[in-house]
> 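After the structure tokens below, expect a handful of questions from me.
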Amino acid sequence: MKLLFLACLGPQTGNHTTAERIRSHIESAGHICELMDAAEFQSPAEVASLVSQNPPFEGALAIHLFKAGRLLLDTSVPFGVIFGGTDINEDVKVEQKRVVMEQVLLKARFAVAFTDKIKEEAEIFLLSNCSKIYVQPQGIHTEVTKTFCWTDFLRSSGVSREDVDELHVFLLVCGLRRVKDPLYLVQIFTEWHNENPLNVLVIIGPKMDPVLTLEVEAVVEQTAGVFLAPERSQQELHAAMKKCSAVVNSSLSEGMSAAILEAMDLGVPVVARDIPGNAAVVHHEVTGLLYSTPQEFVHQSQRLLSDPELREKLVRNGKIYVEKHHSPKRERETYLKLVDILQ
């Protein structure tokens, strides 16, 4: 079966990683799956023309009902959609977008939600047929194959210290866009760094919002203890995560954070903002630590640094949780069954 797969394919983003992983699942069964960036298309008519080319596509898939799924509304082929975090957390609040998403969901053969919570909210806000929505968490598998040196990494980010190996590095992994709220912890972290200069925050990820990127760069340049690192390949990023004191999340909303799951799989503690998408995978004091304010972030991080038993428990439980609930094998089986619905 020849499938068109539309997604937002910004470099080094969670969407891109997820799309590539799902594409590989589909192609492992002998299907042809052409992954394309939704941003390349201006209208559903363009996608309809592409789908009908010779040889034609026989089905389609999209991540994000509004950003990508709307482009499939004029196609004649059956399609399925995968909810992105923005769909339920942001886009349903805009009436025009919500109406379009309802149309997409009505026409789709199936929809995939990463969590039960996303499915429940879709049923409430989008008046959907619940039997059409399947819950399949993201499958996660990480493998660190690169050696890593904090000295070189941090110096490339502007850190010129002799005691690099003694630093407590908190790694905020996020694309620079508003919903990730990358500056949320900057002020409180600077205060904490001034109390103990060994504590540093490194923000790393692709520059997705040019205006916000300039803002972040300006703030970081004038802020002690906070550094902005250039984006790295996934292997290099995982190597950096493996060496840090904790992976941090400060997002305003999340569907399911791949960085959090990857950290758990790598045996790295997670300190995440207490929002529904994060709380769905980070169980406070079990698989990670949650915070609701910048001050609480410092408190939870201090606990993590001062309590080896707590750290060991979080690492152990996080690894077990990912292995149990985020199996790539189960994810592959689910998507192959769903592709059968399109045939």
Side-chain angles (χ1 to χ4, degrees), residues 1-28 31-92 94 96-112 114 138 174-180 205-213 230-234 237 254-256 258 335 338-339 342:
M1 187 176 191
K2 184 181 178 184
L3 292 170
L4 173 65
F5 191 0
L6 296 179
C8 301
L9 302 179
Q12 310 298 337
T13 60
N15 267 345
H16 201 157
T17 301
T18 299
E20 287 285 4
R21 190 178 63 252
I22 294 172
R23 180 195 59 78
S24 67
H25 291 332
I26 294 171
E27 291 193 336
S28 71
H31 300 292
I32 298 170
C33 186
E34 292 192 18
L35 180 59
M36 302 188 73
D37 191 347
E40 294 181 6
F41 301 95
Q42 299 299 315
S43 69
E46 290 183 22
V47 175
S49 177
L50 172 66
V51 166
S52 62
Q53 70 181 14
N54 192 23
F57 286 90
E58 301 163 273
L61 196 61
I63 299 180
H64 278 284
L65 272 70
F66 184 76
K67 293 179 181 177
R70 65 185 177 84
L71 295 170
L72 297 174
L73 285 174
D74 286 354
T75 63
S76 58
V77 299
F79 66 84
V81 290
I82 302 164
F83 284 100
T86 310
D87 285 333
I88 296 300
N89 297 326
E90 305 296 333
D91 288 344
V92 292
V94 181
Q96 183 181 8
K97 292 183 178 181
R98 187 188 63 77
V99 170
V100 172
M101 290 164 65
E102 284 185 342
Q103 293 173 348
V104 172
L105 200 52
L106 182 65
K107 189 173 180 181
R109 290 277 183 93
F110 63 82
V112 179
F114 291 145
Q138 292 194 58
C174 68
L176 297 186
R177 53 193 180 111
R178 298 287 175 185
V179 72
K180 298 298 183 180
K207 300 175 180 180
M208 302 176 70
D209 180 333
V211 175
L212 179 62
T213 295
E231 63 181 289
R232 297 297 204 277
S233 69
Q234 189 174 49
L237 178 60
E254 288 281 1
M256 179 170 284
Y335 280 101
L338 292 176
V339 167
L342 300 179

> Of the non-hydrogen atoms in Leu72 and Ala60, which two are nearest, and what is the gap between them?
CD2-CB, 3.8 Å
> Atom CG of Leu342 and atom CZ of Phe57: how far apart are they, to the nearest 0.5 Å?
13.5 Å
> Closest heavy-atom contact between Ala38 and Leu71?
O-CD1, 3.6 Å
> Between atom CG of Leu105 and atom CZ of Phe83, what is the distance when rounded to the nearest 0.5 Å?
5.0 Å
> Checking the side chain of Asn89 only, and the main-chain atoms of Glu254 only, is there a donor and an acceptor separated by less than 3.5 Å?
yes
> Which atom names give the shortest non-hydrogen contact between Leu237 and Arg232, and what distance separates them?
N-CB, 4.1 Å
> Any side-chain heavy atom of Leu4 within less than 4.5 Å of one from Val77?
no
> Please report the closest heavy-atom contact between Lys67 and Cys8, naming both atoms and the distance.
CD-SG, 3.6 Å
> How long is the straight-line distance from CD of Gln103 back to CG of Leu73, given to the nearest 0.5 Å?
6.0 Å
> Distance check, rounded to the nearest 0.5 Å: Phe5 atom CZ versus Leu35 atom CG?
6.0 Å
> Check this for me, if you would: do Arg23 and Glu34 make a salt bridge, where the nitrogen-to-carboxylate-oxygen distance has to be below 4.0 angstrom?
no
> For the pair Leu61 and Ile22, evaluate side chain to side chain contact (heavy atoms under 4.5 Å, CB included) and give the outcome as yes or no after the intermediate values.
CA-CA 10 Å; Leu61 196 61; Ile22 294 172; 4.1 Å; yes
> Taking all non-hydrogen atoms of both residues into account, name the closest pair between Val339 and His31 and its distance.
CG1-NE2, 3.7 Å
> Rounded to the nearest 0.5 Å, what separates atom CZ in Phe66 from atom CD in Gln96?
6.5 Å
> Can you tell me if Asp87 uses its side chain to pair, donor with acceptor, with the backbone of Leu65 under 3.5 Å?
yes
> About how many Å separate OG1 of Thr86 and CZ of Arg177, when rounded to the nearest 0.5 Å?
5.5 Å
> Any donor and acceptor pair, going by atom type alone, linking the side chain of Lys2 with main-chain N or O of Pro55 inside 3.5 Å?
yes
> Could you walk me through whether Lys180 and Leu212 pass the side chain to side chain contact (heavy atoms under 4.5 Å, CB included) test, one step at a time?
CA-CA 11 Å; Lys180 298 298 183 180; Leu212 179 62; over 6 Å; no
> May I ask you to check whether over 12 heavy atoms, not counting those of Gln53, lie within 6.0 Å of atom CD?
yes
> Short question: side chain of Ser49, backbone of Ala45 - any donor-acceptor pair under 3.5 Å?
no
> Would you name the heavy atoms of His64 and Gly84 that are closest together and state the gap between them?
CE1-CA, 3.4 Å
> Check Leu9, Val81, Thr18 against Ile63 for a side chain to side chain contact (heavy atoms under 4.5 Å, CB included) and give me the one that passes.
Thr18
> Step by step, would you call Val211 with Arg178 a side chain to side chain contact (heavy atoms under 4.5 Å, CB included)?
CA-CA 10 Å; Val211 175; Arg178 298 287 175 185; 4.0 Å; yes
> May I ask you to test the Arg21-Gln138 pair for a side-chain heavy-atom distance under 4.5 Å?
yes
